[in-house]
Amino acid sequence: MTVKGANITGGTLGSPGIIVVTKDVKLQKRGSNQTFVYDNIILIGKKKIKIENNTQFGNDYSTLIPSLRPKTVNEIFAKRKVEIKKNAEVWAQIYSYDKIEQKGRVFGLVYTSSGFKFEKNSAYLEGALFVKSILKPESKFEKGAMNLNHSFPLHYFSGIHYQVVSHSLREI
C-alpha cells in the first residue's frame with residue numbers, strides 16, 4: 001500500500017481507525033503535498049513500513065508541554081522493518097519484530113525485538129526506547145538528542161548526558 005499526498009482521518013480515543021496491510025506500507029509526499037495521518041489511527045503491516053520525507057503520522061503537539069498533550073491511540077505495528085525517514089514526524093507508539101531505522105522525529109514509544117538505528121544528525125526521539133541492540137556505527141546518542149521517561153538500558157548511555165522528562169509520553 002502506498003499513500004501519496006493524502007490525508008487519513010482518524011477515529012476516536014475509544015474507537016480508533018485501524019488499517020491492516022498484508023504487504024509493504026509506504027507513506028510519502030506527492031509533489032509538494034505531504035501525507036498526513038491524523039490522531040487515533042492504528043497501522044498494522046505484515047511487511048515493512050516506511051514513512052518518508054514530509055510525512056506526518058499523528059498531530060504535532062510539540063508546542064505543548066508534555067503534561068498538557070492529549071491522549072491518543074496512534075500506533076504502528078510491523079512484522080518487518082520500520083523506517084522513519086529524514087523530515088518525517090511520527091507521534092505514535094512504534095513496534096517492530098525486525099529493525100527500526102530512525103532518521104526523522106519520533107514522539108512516543110519505540111520497541112523492537114531486533115536492532116535500532118538512530119541517525120544522530122537528523123533524528124530526534126522523545127518518549128521511551130525498548131530495544132535489544134543499538135546498531136553501530138551510525139547510532140550515537142548525544143546530549144539533547146533524546147528525552148526519556150520510561151525504563152531504558154543504562155549501558156547504552158554510559159558516559160553521555162541525557163535528560164528525563166516526567167509525563168512526556170502521553171499516548172496510551
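Heads up: numbering here begins at 1 and tracks the sequence.
- To the nearest 0.5 angstrom, Thr35 atom OG1 is 8.0 Å from Asn7 atom CG.
- Annotation: ring-ring contact (aromatic ring centres under 6.0 Å, His included) contacts of Phe77 (sequence neighbours excluded): Tyr95.
- In this structure, the separation between CD1 on Ile42 and CD1 on Ile18 is 4.5 Å, given to the nearest 0.5 Å.
- Under the side chain to side chain donor-acceptor pair (under 3.5 Å) criterion, Asp60 pairs with Ser62, not counting sequence neighbours.
- In this structure, the side chains of Leu125 and Phe118 come closer than 4.5 Å at one or more pairs of heavy atoms.
- Note on Tyr38 and Val90: separate hydrophobic clusters, where clusters join Ile, Leu, Val, Met, Phe, Trp and Tyr whose side-chain heavy atoms are under 4.5 Å apart, directly or indirectly.
- Taking both residues in full, the closest heavy atoms of Ser96 and Ile100 are given as CB-CG1, 3.7 Å, listed atom of the first, atom of the second, then distance.
- Considering only residues two or more places apart in sequence or on other chains, Ser122 meets the side chain to side chain donor-acceptor pair (under 3.5 Å) condition with none of them.
- Grouping Ile, Leu, Val, Met, Phe, Trp and Tyr by side-chain contacts under 4.5 Å, direct or through others, leaves Tyr97 on its own.
- The shortest distance between side-chain heavy atoms of Leu64 and Pro70 falls below 4.5 Å.
- One finds the CD1 atom of Ile94 at 8.5 Å from the CZ atom of Phe57 (value rounded to the nearest 0.5 Å).
- Judged purely by atom type and a 3.5 angstrom limit, Glu83 has no side-chain atom pairing as donor or acceptor with the backbone of Lys85.
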Report, one line per pair, each donor and acceptor closer than 3.5 Å where one atom sits in a side chain of residues 20-31; sequence neighbours left out.
{"from": "Asp24", "atom 1": "OD1", "to": "Lys48", "atom 2": "N", "distance (Å)": "3.1"}
{"from": "Gln28", "atom 1": "NE2", "to": "Glu52", "atom 2": "OE1", "distance (Å)": "2.8"}

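- Between the Thr55 side chain and the Ala88 main chain, no donor and acceptor come within less than 3.5 Å of each other.
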Verify side-chain contact (heavy atoms from CB on, under 4.5 Å) between Ile19 and Met1, making sure each step is shown before the conclusion. CA-CA 10 Å; Ile19 301 169; Met1 177 181 89; 4.0 Å; yes
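- The structure places NZ of Lys86 at 11.0 Å from CG of Asn54, a figure rounded to the nearest 0.5 Å.
- Taking hydrophobic clusters as Ile, Leu, Val, Met, Phe, Trp and Tyr residues chained together by side-chain heavy-atom distances below 4.5 Å, Leu109 shares a cluster with Ile44.
- The closest side-chain heavy-atom distance from Tyr124 to Val106 is not below 4.5 Å.
- The stretch residues 95-109 participates, sequence neighbours left out, in these salt bridge (Lys or Arg N to Asp or Glu O under 4.0 Å) pairs: Lys81-Glu101, Glu89-Arg105.
- Between the CD1 atom in Ile84 and the CD1 atom in Ile76 there is a gap of 5.5 Å [rounded to 0.5 Å].
- Contact record, Lys46 with Arg80: O-CG, 3.9 Å, taken as the closest heavy-atom pair.
- Going from atom CG of Asn74 over to atom CD1 of Ile41 covers 8.0 Å, rounded to the nearest 0.5 Å.
- For the side chain to side chain donor-acceptor pair (under 3.5 Å) test, residues two or more places apart in sequence or in another chain that qualify with Asn59 are Asp39, Tyr61.
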